Each structure stands twice: as structure tokens, then as C-alpha cells.
Amino acid sequence: MNYEKLAQTVIENVGGEQNISGLVHCATRLRFNLDDEAKANTEVLKATPGVMGVVSKGGQFQVIIGSDVGNVYKEITNQIDIQNGAPKPKDGQSKVSLVIDTITGIFTPILPAITAAGMIKAILSLLIVFKVMTAQDQSYQVLSFMADAAFYFLPILLAASAARKFNTNMYLAMMLGGVLLHPNFIAMTKTAAETGGIHFLGMPIAAVSYASSVIPIILTVWLMSFVEPVADKVSPKSIKFFTKPLITILVVATASLVVIGPFGYAVSDAISNGIKYLESFSPWLVPLIVGGFTPLLVATGTHYGLIPIGINNRMTNGYDTVVYPGMLASNVGQGAAALAVALKSKKSEVKQLASSAGLTAILGITEPALYGVNLRFKTPLYAAMIGGGVGGFFMGVMGTRNFTGGSPGLITLPSYIGDDTLVHFYSAIAGAAISIIISFVVSYILYKDEVTETPVMTPEINADALHDTLVAPMDGRSVALSTVNDAMFSQEILGQGVGIIPSSNEVYAPVAGVVSAVFETKHAIGITDDAGVEILIHVGIDTVQMGGSGFAYHVEKDARIEKGDHLMSLSIEAIQEHGYDPTTMMVITNSDSLGDILVTTDREVHVGDALIKIVK
């Protein structure tokens, strides 16, 4: 993938740099905040190679890239100045969508740190279970504090990402996180009962611990985004450098310790108690709902609204039993449904897409399977929702605990290892297996290949004017199209034709007609002859990635050409230097409307030699 070119295309079609007010990315999506979504060319983006889909939901314009999203994001940020400021409500935008957008922007950047820490925790549990180490070993203790660092200092990580989202000073925000975690404050909370509590200028400070907390620091940084501009306004210009941060920290830190922190702690505690109540009342309910309906949340891009709940559960209780187990069942179910399509479909392009996307989904990244297969064909989506719901129900009944998070899939099953036992690991495996089996079986039963109907506007073929023969457009060796290393051509998806391994750098017209298509990248040309036969000459495999380098046209679109006219030039050397195959394909794209196509292969050909014969 040409990341630089794709980044340019995305920027242009979201309305340009001036229309972008914010951008973050998750595992598969570019999540834009646009000033005016009406300026975005959604259909152009959907048709862009490298873009899997486009969704506008939750206050975000989401461009789905897949696993290459990090590289595309990097190219975009290299090309333009991204401002990840506080989202502004748009006309008609609900407060719910604004909150989801904010949550996504805050939590997405810190997920790699939490995932890394969580996997180290899983390794530690394995070391204990299999008696490789004991908790007293220094090696164990070193690994333990490595893992604990991300969780313990979570308020500081959140402070940094929240500051970017709320468009306020990141370093002052991180300082506020440090205030909540300072060893002296922690020591004071431990002795508060003996000393009569904690007071600051006569104001009481709640004796609670903010280590590993989530909500208090987010609310604190949000308050800071209002206080900092006021501090800037009231500070004299000559000493603003000193007074602005001083006023900001004194006001916000005091408010955080006295009011916001205790309030946020109470909210976190209420969420935790609510989850515990659900567990005691119906432990299977939420995992069932999450397992069944996560595909719809992912489709709308709102699934990130669940992640803070899972994180808060783990930070408060030490584990999560509702969000991540349900998402695990959903993700592997989607992968299994797509793999069933790959097995049953008789269409090569569907098999290739469904098999690769299905495997990716089972490992934890579902967008390729969701947009490329499940939503497209509908029945695998229904199968994934059924399997995900049943798998989530099972893990809810079993009380399966997730200890460390990560992208829910088979690759993060170790995140269910904890409490120095493998019980939850085994139940997670069983729940995932149930979801996989049910989703696969239901999808296999329900799926049927789409019947391709003949296009209504099929070009009419003039039998009287039909050319019997197409001649070689270049020197080289002709080969069967089935041997070409590109499924679109070898499977004759675009039509019947021939491949040529070129020995010259010039392309000439194989028939008389009109130039019907040219391309910005100059690697291919389309011709419609006088009988209505449509011919595509495509130079090289994947040479579109060269962006036109090494190619030149000698004719323009709609130009009248005669057999043997000079069409284009190429550089075999440049193609090979870029690592691409120069094999050229000449394909009759409306061959289904013609008679039998006879092709001359496996011999040396020169310009003008008879190469393809159409039998009337």
C-alpha cells in the first residue's frame, strides 16, 4: 500500500485540512472530527483502494483502513497539522454522540500501554500456575512492577490523552495526575483515620486512593480546560508565563482533591457496584447482549463506549466479567461466520476475502470481516450475532473473568489468566469455542452465493463490424491468463484475455477504435473498438502503486485510434526496480457478451501478430 498517496486521497476527500478539527485512530479506523461532514466525498472514499468502508456515527467521520491504519495516520499527520481539540457539538448532534466521541478520543491512545501491561500480568499468572517462579522471586517482582506501572499510573496516562482531547496543556494535566498519586498524599490517606482526616485551608479532602482510577482524572482535566483560559485572561502579560500555570494548578488541583476526585471515585464505585448487582441478579445478561450486538456497535463505531466500563471494572474489582468476555464471543463469532463463507462460496474473490478477513477477526480485529463479508451478505452477520450471544451467555453463567483487556480474540486469551488459576482461561476458551462452532454452522447453512444478474446496460455488439482478431500490442512472450499472479485476471473476473511478458517498452493499439479510459497512474488504458468490444490493456501487476512513475501516454481519452497506433510507454526496468511484475494483461472486459475467445499462448510475439481470435 502506498501510504503517502492514500493519506493524500483521504485528506482531500474528507474536505481538506481546513475541514479537519481532530483525528485519532484505533486498531482499524481513522476517526475524524470534521467541521462540515457535507464536504466529505463518502462515495469516493468507499471506492478508494485501501479503504474498507466509511461510517459517520457518534460525532465522528470514521474511515476504515484495517491493520495498516497506523501507517496511514502517520502519513496524514506528516502532511497536515492535526488539532485534537475538544469536540464542538454540531447542529443536530446529540449529547450522547458527543460523549462517545470524547471517550473514544481519550481511551484509544492509551490502549497499547494497557494491553502490554495486561499481557505481562498474564505471563506472571502462568509462571505461578506452572510453578516456574514464586511471588517471592526477585525476577517475578520486577516483572510485576513493570506490569503494575501502566495500571498504577493510569491517571497520568489518561491525563495526557484527555488534555489532547480537551485542547489544554498536556504537561499541566499530567502534573494533576501526579498530584492524585503523590506518595505523601497516599500516606496521608492511610493515616487519615488516626489523624482526624485531611484538610486543606479548612476544606475536607476525602481519604481515597486514586491509583488505577479512571473517572476522577478525566473530570479534573475537563475542568482544567475551562480554568486555563480564564487564568490566561486574568494574568498580566508581563508575568503570564508564571501566573497562568500557577493559577491553573492551584485552582484545579484544589477542586480535584476536594470535590471532583471524590465525586469521580463515587461514580466509579457506583458503576462497579452496579455490575456486581447484575452479576448477582443475572450474570449472563450483559455478556449475552454484548456478545450478540457488538457487531452493530462496531458497524456504527460506538463500541468504544464500552471500553471505559471494562477498564473501570478491572481497575475497581481487579477483573471484568461483562464487557470483554462478551466482546470475545462476538469477535471470534464474526471470524467463524466469515470462514464459513470462505468454505462454502464458489467465487474465488469471495473465498480469498472471507478467509483472510475471518482469520483476522478470530484474532481480534473484526472490521475486515464485518464490512467485507458479514454486512455485505447479511446471513453471516446473523450467524455471528447468534453465536456471539450464546458464547457470551455461557461465559456470563460461568463468571468468566478478564484481568487485563486487549483486543478481544484468540490472541488475547491469556488475558483471562489470573487469581493464580486457569479456571477463567479454560471457560474463556470454551465460550470462544461455542461461539465459533455455532457461528460457523449457522453461517454455512444460511449462506448462498449471490446470483450475478446481467447488467441492464450491456453494450450492444455489432456482429457485422466485429473484428475477428486482436493483435499483439507489444513485443514479448504470450502466456495463459490463468498463470498470471493476480486473481482479478487469472480468475477471469474482468474477462477473458491473454498475458504478455514484455520485452519492449512500447504499447500499440491492437484494434481500431476509441480510447475509452485512461488513468491518473498511466499504467493501463481502455479501448472500445468499432464493434463495441471493450479491451483493457493493464501493464504490470500492482503497478498502480508506482503512481505513474515509469509510464507515459501518447494518446488522450476519447481519441480516435487505428490499429498499430502508439498508445503508451513504460519502463520494464523501473517496474522491476520497484519490485513489481511487468507482465501485461490484455483483457476483453465484455467477453461474456461475445462468442468463443481463442488465445495464442506460450510463444514469442511481436507487435501486430495475431493474438486473440473471436469466433462469431
Side-chain angles (χ1 to χ4, degrees), residues 345-353 449-502 507-519 523-544 561 563-564 567-568 570 581-616:
S345 178
K346 292 181 173 58
K347 296 183 178 182
S348 60
E349 71 275 17
V350 173
K351 282 182 174 290
Q352 293 171 16
L353 172 63
D449 277 332
E450 292 178 330
V451 177
T452 303
E453 298 179 358
T454 303
V456 176
M457 299 299 292
T458 301
E460 293 184 3
I461 302 299
N462 183 351
D464 295 332
L466 184 63
H467 289 277
D468 289 333
T469 304
L470 275 66
V471 301
M474 63 198 314
D475 296 337
R477 182 172 184 81
S478 64
V479 296
L481 203 60
S482 61
T483 65
V484 172
N485 189 26
D486 187 320
M488 288 292 286
F489 295 103
S490 64
Q491 300 295 331
E492 296 186 345
I493 294 169
L494 294 180
Q496 300 179 59
V498 65
I500 303 172
I501 301 174
V507 179
Y508 299 88
V511 291
V514 174
V515 176
S516 54
V518 294
F519 302 86
H523 70 295
I525 191 167
I527 302 168
T528 301
D529 78 358
D530 295 329
V533 177
E534 298 177 345
I535 302 146
L536 173 68
I537 301 174
H538 189 288
V539 179
I541 296 173
D542 291 333
T543 47
V544 66
I561 56 172
K563 184 186 294 186
L567 298 180
M568 57 188 296
L570 61 129
D581 183 344
T583 299
T584 297
M585 286 66 65
M586 183 166 70
V587 177
I588 301 175
T589 57
N590 59 346
S591 55
D592 288 345
S593 304
L594 307 177
D596 293 332
I597 310 295
L598 303 181
V599 182
T600 301
T601 60
D602 298 318
R603 73 175 178 88
E604 295 298 319
V605 295
H606 299 282
V607 174
D609 288 351
L611 195 56
I612 298 178
K613 185 176 180 62
I614 303 172
V615 181
K616 301 177 185 177

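Here the structure is a predicted model, which means the values were calculated and not measured. Start at 1 with the first residue, then count along the sequence. What's counted below: heavy atoms across the whole structure, side chains too, no hydrogens, waters or symmetry copies.
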Closest non-hydrogen atom pair, Pro510 against Ile537: CD-CD1, 3.9 Å
Verdict with reasoning, Thr583 to Asn485, per side-chain contact (heavy atoms from CB on, under 4.5 Å): CA-CA 9 Å; Thr583 299; Asn485 189 26; over 6 Å; no
Minimum heavy-atom distance Val498-Thr600, with the two atoms named: CG2-O, 4.0 Å
Heavy-atom closest contact (Ser490 atom, Val484 atom, distance): CB-O, 3.3 Å
Passing candidate, side-chain contact (heavy atoms from CB on, under 4.5 Å) with Val511, options Ile535, Asp530, Val471, Ile612: Ile535
Working for side-chain contact (heavy atoms from CB on, under 4.5 Å), residues Gln496 and Ile588: CA-CA 6 Å; Gln496 300 179 59; Ile588 301 175; 5.7 Å; no
Minimal non-hydrogen separation, Lys351 against Ser345, with atom names: CE-O, 2.6 Å
Listed once per pair and sorted, the salt bridge (Lys or Arg N to Asp or Glu O under 4.0 Å) pairs that draw on residues 472-481, sequence neighbours left out: Arg477-Glu604
Pairwise side-chain contact, Leu470 with Leu611, heavy-atom cut-off 4.5 Å (strictly under): no
Residue list, side chain to side chain contact (heavy atoms under 4.5 Å, CB included) with Thr483, at least two apart or on another chain: Val479, Ala480
side-chain contact (heavy atoms from CB on, under 4.5 Å) assessment of Met585 paired with Leu481: CA-CA 8 Å; Met585 286 66 65; Leu481 203 60; 3.7 Å; yes
Donor-acceptor contact below 3.5 Å, side chain Asp449 vs main chain Lys346: yes
Contact list for residues 525-544, test ring pair (Phe, Tyr, Trp, His ring centres under 6.0 Å), sequence neighbours left out: Phe489-His538, His523-His538
Greater than 12 external heavy atoms within 6.0 Å of Asp609's CG: yes
Candidates Asp529, Ile527, Val514 - the one meeting side-chain contact (heavy atoms from CB on, under 4.5 Å) with Ile561: Ile527
Non-hydrogen side-chain atoms of Ser516 and Glu534 separated by less than 4.5 Å: no
Nearest atoms (heavy-atom pairs only) where Thr601 meets Ser478: CA-OG, 3.2 Å
Thr528 OG1 to Asn590 CG distance, which is reported to the nearest 0.5 Å: 8.0 Å
